[in-house]
Structures are given as structure tokens and as C-alpha cells.
Amino acid sequence: MPFDLDLPVLWFAVAVLAWVLFFVLEGFDFGVGFLAPLLGRTDAERGAVVRTVGPVWDGNEVWLVAAVGVTFAAFPDWYAALLSGLYLPMVAILLLLAARGVAIEFRGKQDSPRWHARCDAVLATSSVLLAAGWGAVLGVLVSGLAMAADGEVHSAGVLGGLGRSLEPLGQPGAVLGAVAGPLLAAVQGATFLGLRTSGVLRVRARRVAVAGAAAAAVGTAVAVVTSTQPVVALAAGLLAVAAVAAWTRHEALAFTASSLAVAAAVAGVFTAHLPVLLPTTLPGGADVALRTAAASEHVLQLISVAGVVVLPGVVAYQVFSYWVFRRRVASPRAVPAARPAPGAAAVSR
Amino acid sequence: MDLELLTRLQFAVTTLYHYLFVPLSISLSLITALLQTASLVGRPPFGRVADRERWARLSLLTGKLLMATFAVGVVTGLVQEFQFGLSWSSFARFYGDVFGPTLAIEGMLAFFLEATFLGLWWFGRDRLPRLLHLATIWVVAVGTTISAFVILAANSFMQNPVAYTVDETTGRARLGSFADLLTNPLNLAAFPHTLAGSLMAGGALVMAIGVWHLVRGAHPADSEEFAAFRALSRLGAWVTLVSGAATAATGDALGKVITQVQPMKMAAAEALYSSTTSAPFSIFAYAPPGSDRPTFSVEVPGLLSFLAKGSFTARVSGLQDLQDAYAAQFGPGDYTPWIPAAFWSFRLMIGVGMLAALVALVHLWLTRSGRPLAVDSKVASSVLWSVPVLPLLPMAANSFGWIFTETGRQPWLVFGLFKTADGVSPGLSAPEVVVSLVAFTVVYGALAWAWTALVLRLVRQGLPPLPAARPAGDPTDDAAARSADVAITY
Ligand code: HDD
Ligand code: HEM
Ligand code: HEM
């Protein structure tokens, strides 16, 4: 490297950034997913809610691909310990993500209310479970895993071996995360819908945003008492701002504040034990630490060069994509009656 | 069943499933790009307006199929990315230095490209200038191909490790030159073969859609629908036929590389027990349970020698000699893969795939020089019945190809370096794998059902109409619709 950069630290920062972006971006689209049946009373209204995330969910999910890819590339031991230790929860999350992505993508491709209802049900259920599941996983990152000296969680024979990867979910941190996840996603989702919908949906979204943000702010404020982490106080403050902003109809501010609260919380979780990435809860076990888990210097250099070459391009065309769709909110919609013939009604373009 | 076997089964189920959709995404993006290009090239003054519209409507149809397929490919690909940490954590630690950056670079280079540009293409139809809009679908097509190349480099490393050193202290693989990893001689042979096999899948799918509409009898022979689906079926047939020939040619080249780097795999493919000159290729063989040699087989003399070495009289190493050689090199152990899997998957790959190419050839013949595919009703009903099988042929051939590739590598996970048994996550318990295997099977089954239902409905709806131009001003004003600020694009 031309500059004497501390590559492991740099790539830790990149990994955290990718995870933060993933949680912030998917946070609102999880929220939108389970708010759709609560806010939309008719098929058309639910459709309108889902369509606000239609063009973005895939791009948001690529941040998960990126986050996992960077974690694997830069810290193979962290990747290995975390995923194998949380085997069943992660499998559940993957399956829910699969069902959810397909529900969003397939919904608009058919014009039958029954098809829509099925997709909506899958979408809402998977979205709320995903928010809870990821919340629990973040909780585990704070509490730690029972990794032995080889860096792996071994079966203690609980529930015939199933307990190995399920037990961590019983820790207080994970339970707290599972409650906080859907709440924060609801706040983010509702404030996002405040920005992207109008009329009755916007009114309903605002109510949810105010109530949700207030509840989340109070809950986090209570946590401030028991926690020494400054990010908790920061998150509480941001959520309070979000609640007030939603109440006073500063929709952009409400969305920004709630998203920043999520970003602060996630960044706080990932950096809670530095220089340890994932602490062990087992006496005599081995932590996953930033230095020892890092890939070889050569690989870190390789991905740095690749990042420098490729990422400006990625940013450029993603910005271009947002620019192309910048007028969406203001643009006139197609008249539904203009859709031709029944067979063609499903032409979801 | 033991843990290792369960874990392998689970990996095989999720990967084979991912790879049902991947070839379709790769080929449908290319076919859609071709159709859309034709719709522009066919523009006045270069072509008739009617032709231009026909290609445009067909590209809408294949584009929708692409969107549905891509969604399943993405979510199942995500599962694959987690798999190496979930159930193969020892392997991930050993191989992380090679595979991690490969996957990360693929993500940066290809996945962002695909996801962003597919969105731009789908939602940008009436926002981008024509040529730019056309460029977006070409970018998607190129992006999926880059994906395939990079991920195949990772797989080729496992078949034929190159560009690495083994760290003395940790015993782990360390990546050498990334360029060398990408240009692994095996990858340079496997990538064209995989690409050609992928194109067969999409070609057969659109051909089947076209044929189904032609023989169903719902469109009069002089209708626009009939003409369009005839064109679609012929385009699909050409893609299937040409890529079928390419698959055979590249497969032949690939076989020769494999004979060099993994002679055991080719010997297993032929169940060739002792080293032989002028080795025959058996089309069919039967070995009674318990015996290690076939008692009955139908053989083409010398063909195996030709497939493996390019000469009908060349000497091909047999399983027994290779087993002895490996035992001497790597220490005592069983280095022979499961013969029936290698033997049958190799034949089924070739047989089932080439059958699709043959159907394509017959179709092109029947519809040659403007013939409308005239079938009487008796023939039509039997053709109709078999049409849904057609797209399944190359998909099955692709799966068999992978089953051959991956089971033929056993007992190695990374050939000559790292055994499959050593890769499994050390803490994992068999019940966990059973639960996940059942869960994957159920959820993937549901996804397959949803995808099939959607594709069948899209196909039945026939030729999509061209979207009406966007209205200049929008008079209606109901709240729900107005809030659906993206309604126009979805
Ligand atoms: C439509 C699909 C299809 C068809 C018709 C064929 N193949 Fe194939 N084959 C594949 C699809 C495929 C594949 C799924 O794409 C594989 C798996 C891994 C790979 O690189 O390609 C494969 C693997 C594969 C391998 C093993 C490579 C390895 O172990 O890395 C060999 C030797 C061949 N093929 C040879 C052939 C020959 C001689 C064919 C003659 C017609 C043929 N294939 C037809
Ligand atoms: C390109 C990236 C790929 C990588 C890195 C990869 C890696 C692996 C690994 C780690 C295993 C488990 C260990 C083993 O049994 O050997 C495996 C097995 C397997 N894979 Fe692949 N694979 C890739 C592509 C594919 C694809 C695309 C398919 C099929 C469509 C496939 C089919 C299989 C099958 C059937 C097995 C089970 C073989 C057995 O256990 O005997 N693989 N592969
Ligand atoms: C076992 C190893 C594999 C892993 C870890 C893997 C990973 C992934 C991931 C994470 C995605 C989603 C990307 C997105 O979000 O856009 C994906 C999609 C894709 N993968 Fe795989 N993949 C594997 C095997 C393969 C193979 C062998 C090929 C091709 C030969 C392939 C080709 C593709 C393509 C073309 C896409 C995008 C199109 C689609 O989704 O259908 N993958 N893969």
C-alpha cells in the first residue's frame, strides 16, 4: 500500500459501514412490509404501500450480500464463528428473506386480489419476524457466543443438539433485540411512508410514526439508566427527535432521525467490545479479535485495490439510478383504465 | 445418516436449487437484450413498424420472466453466501483467504451492477432515452456473465487449486495472484461450457413458450400472435441449437482438462477399472449390487480415449491404478468417488442436454422457410403435453453436470489439499442440519411453486401489449392511487 494504512482497521470500518447501511435500508423496508396490512385497508391501498419499496428492496438487500462478502473476505474467522454458532437462527433468517423477496417481487406481477392477499400475508409475517430475528442477532453480538478455544460453539446436547444454536437467543440481550427490532423498523417504515405516500395512508402512517417513535424513545431512555454506552443515549435522543418531528409533520426529519437512531445502535453493537469483534461467554474460550481474525495482508490489499477501482463506479451508477427516478414522487401516475384487455391487466410495468 | 453426509446433502440441495434459476437469469437477460435490440434495429426506416412492435412485445414477455427468475436467483444466492459459514466453517477458515475476496469482488463488480441496472431497465422504460434503456439490459446480461465467471473461478480452485500457498503456521491456504486464480486453466475451460449450458436453458424455455402457443390452436395462423410466437419459438430453437453445439464442443475441451487435473473423475465417469488403451465409452452399463465391475454394457470402442485424450487409441488411466497412486501420494485412504453417481450423471448430462438440442433442430426444420408449423389435432395434443418437459431438459442437464463435477471430486473438497470430511463446522449437530434441510426443502418447494404458477400465468396471458404512452396530465385523484407514487412503474 502506498499509504501506511492499518488495513484490518480500515476493513473493519468498511464492514461496519456495510452492515449499518444494510440495517438502515432494510429497516425501513421491513417496517413497510408489516405496516402494509395495518395501514392499507383495501387491496389497492396495500398495493400502494408495498410499491413504495418495490424498486428499492433488491438494491437494499445487496448491502447484505456486500456486508457478508466483506466480513468473509476481511475476517474469515469472524464469519465462520458467527454463522456456525448461530446456525438455526441464521437459517431461519435466510428462509424468511427468501420468502419475503419473492413475495414483494411477485405481488405486482399478477392482477388478482387473491394472489395479492397471499403475497401480502407472506410479506407481513416475514418482515416482522425478520426485524425481530435480526434484532436478536444484534443482541447476541453484544452478549457474545459460547465459543470454545477452537472458535466454535459446540453442542451441549441440549434439545438433542438443537439447543446449541438456539440457546443464544434466550439471553436477555437477544430478547431485548427481538423486541426493539420490530419497533424500530415500524418507526422507520412509518416515517418513510410519511414521505412516500399521500392522503389517508399518509395520515395513518403519521399516527404510527408518532406513537412508535415515542414508545421507542421512552424504551431506549429506560435503557440509558442501565447502560454505560453513550450510543444508547444518542439513540434515545434521536428517537425523541423523530417523535417530535413526526408529530409536527417534519417528515424528512422524522425519517432521517429514526434512520440515524438505527445507524447509531447498529454501529454501537458492532463496536461494543473492540478490539474484540465477538466475545466468548465460555470460560477458557476464545474471543474473535480484530487482529487475529483478519485475512492476510495480501488479501486486504487486493480488496482495497478492487474497492478503489470498482466502488466509485458503483456509487456513480447508483447515484445515476436515484437521479433517474428522482421525479417519481411528483410524476403523474398511469390511469388504471388505460390498462388494456383483461389478459394484459397484469402487465405490471 | 452421519453429519458429513447430511451436510453435503443440504449443500447440494440449496446449490442445485440456486443453479436452476441462475442459467435462466443468464440466458433470459441475453435473449431479452437481443429482442430489445431487434425492436430498435427494426425501427423505420430500417424495418417495418409491425416488426418493431413484435420484438418489443416479445421482449416485454421475456423481461417479465427474467424479473421473476432473477428474484429467486438472488434470494437463493444469498443462502449460498452464508452456507460456507453455516455448515462449512472449517472450510471457510481454511479457504477464506481465497474464496472471501473472490466473493467480495464478485459482489462489488457484478451484483451491484445487476441489481441496479435491472431496476433501471424495468422501471426506467419511459424515463431513459431509447438507446440508454437498451444499454441497461445489456449491462445486466454482461453482469450476470461476469458473476458466473468469477464464481466459477472459486469453484475451479476447488477442482484444480492454483495461485495459492499453504501457510506453515496456520495450515491455511493463502491467495497468491488473483489474476492467476481467475485464469485457472480449468476455469477457462469450465466457464465457456457453463455459459453455453446456461444459454440452452433460456433458449429451450422461450422455444417451449412459442411452441405451446402455436400448437394450442388459440391463434389463427394469420394473426399477429401466431407470427410473434412463431418467431419466438424459432429464436429459442436457434439459441438452443447453437449453444447446444457450443456446449458439446466446450464440454469436449473441458473433459480433456479434467482428464489431466482429475483423472480419477473421468475414470469414474466411465467406470473404467483398469488402465486401458483404446478405451471404449459405454452408453449403458449394469453392475450387479456388490460387484465392482459391470456385467453388461453397450460400448462405443475407442470413444473414451478420444474424449479424454483426443486420440482413439490413447491410454486412459483406470480407477485401480489411480487409487494406488493416490494412496502412495496422500497416504492410505479411499480416493475413489461414488462410481454410479459419476457414471450416470455424466451420461444424463450429455443425453438429456443433447435431446433438447435435437428437439430444437427438429423444430427449426418443421418451421423452415415460413412454414407455420402445421400440425393436425392429434399430433398437436401430444406435442402440447410434452412442451412443458422441454425447458426442463437443459435445466436437468445442468444439474447433472454439477452433480458429476462435485461428486466426482470426492473425497476432496479442495482437490489434493483438503478433504470434505475436514470442512464441516466442528460444533454442528446432526439434528440442526436435519431441521434446516427440511426447512430449506419446504420453503424452496413453496418458492418453486410460486415461480411456476407465475410463469405459467404470464405465458398463458400471451403477448403483452405495448405500454400506453404516459398521460401528460393526470385528471383522476383518488387518495390510494395518488399515494402510489410509483404505480406507473410497477
Ligand atoms: C445443458 C447443459 C449441459 C450439456 C448439454 C453438457 N454439459 Fe457438461 N456440464 C454442464 C452442463 C452441460 C454444467 C452444469 O455447466 C457443468 C458443471 C460444472 C461445469 O463447469 O459445467 C458441466 C460439467 C462437465 C464436465 C466436468 C467438469 C468439471 O469436473 O469441472 C465435463 C467433463 C463435461 N461437462 C463434458 C460435457 C460433454 C463432453 C458434453 C457433450 C455433449 C456435455 N458436457 C454436455
Ligand atoms: C461455484 C461455486 C461453488 C462452490 C464454491 C461449491 C462448493 C461446494 C462445497 C463446499 C460442497 C460441499 C462439500 C462436498 O460435498 O464436496 C459442494 C458440494 C456439492 N455441490 Fe458445489 N460448489 C459450487 C457450485 C455448485 C453448483 C452451481 C452446483 C449445482 C448446481 C453444485 C453442486 C454440488 C453438489 C451436488 C454437491 C454435493 C456433492 C457431494 O457431496 O458428493 N455446486 N460444493
Ligand atoms: C456456491 C457458490 C455460490 C454462491 C456463494 C453464490 C452467491 C450468490 C449471491 C449472493 C447471489 C445474489 C446476488 C444479488 O443479490 O444480486 C447470487 C446470484 C447469482 N449467482 Fe450465485 N452463487 C453461487 C453459485 C453460482 C454459480 C456456480 C453461478 C454461475 C455459474 C452463479 C451465478 C449467479 C448469477 C448469474 C446470479 C445473479 C442472477 C440470479 O440471481 O439468478 N452462482 N449468487
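Lettering follows sequence order; numbering is per chain, from 1.
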*Pick from A/F75, A/W115, A/Y79: which one has the most heavy-atom pairs with chain B under 4.5 Å?*
A/Y79
*Among A/L64, A/V49, A/L97, residue most engaged with chain B (heavy-atom pairs, under 4.5 Å)*: A/L64
*Answer yes or no: is there an ion pair linking B/R172 with A/D77, defined by an N-O contact shorter than 4.0 Å?*
yes
*asked:* Less than 4.5 Å to any heavy atom of chain B: does that hold for the side chain of A/R118, its backbone, both, or neither?
replied: side chain
*ring-ring contact (aromatic ring centres under 6.0 Å, His included) evaluation trace for B/F111 with A/W63*: CA-CA 10 Å; B/F111 290 154; A/W63 283 105; over 10 Å; no
_For A/D43, side chain to side chain donor-acceptor pair (under 3.5 Å) partners two or more places apart_ = A/R107, A/H116
*Output the option from A/S165, A/A103, A/P76 having the highest count of non-hydrogen pairs under 4.5 Å with chain B.*
A/S165
*With a 4.5 angstrom heavy-atom cut-off, which part of A/I303 approaches chain B: side chain, backbone, both or neither?*
both
*Where do B/F82 and A/M90 come nearest, in terms of heavy atoms and distance?*
CE2-SD, 4.1 Å
*asked:* Which atoms of A/A293 are under 4.5 Å from chain B, going by heavy atoms: the side chain, the backbone, both sets, or neither?
replied: neither
*Any donor-acceptor pair under 3.5 Å linking the side chain of A/E152 with the backbone of B/S425?*
no
_From B/V435, B/L86, B/V79, residue fulfilling side chain to side chain contact (heavy atoms under 4.5 Å, CB included) relative to A/V91_ = B/L86
_Counting only non-hydrogen atoms closer than 4.5 Å, does B/L437 touch chain A with its backbone (N, CA, C, O), its side chain (CB onward), both, or neither?_
neither
*Please look at A/V68 and chain B and tell me whether the side chain, the backbone, both or neither of the residue comes under 4.5 angstrom of a heavy atom of that chain.*
both
_Taking salt bridge (charged side-chain N to carboxylate O under 4.0 Å, His left out) as the definition, give me every residue that meets it alongside A/E167, ordered by chain and number, with sequence neighbours left out._
none
*Give the member of A/A306, A/G101, A/S296, A/A74 that has the highest number of heavy-atom pairs under 4.5 Å with chain B.*
A/S296
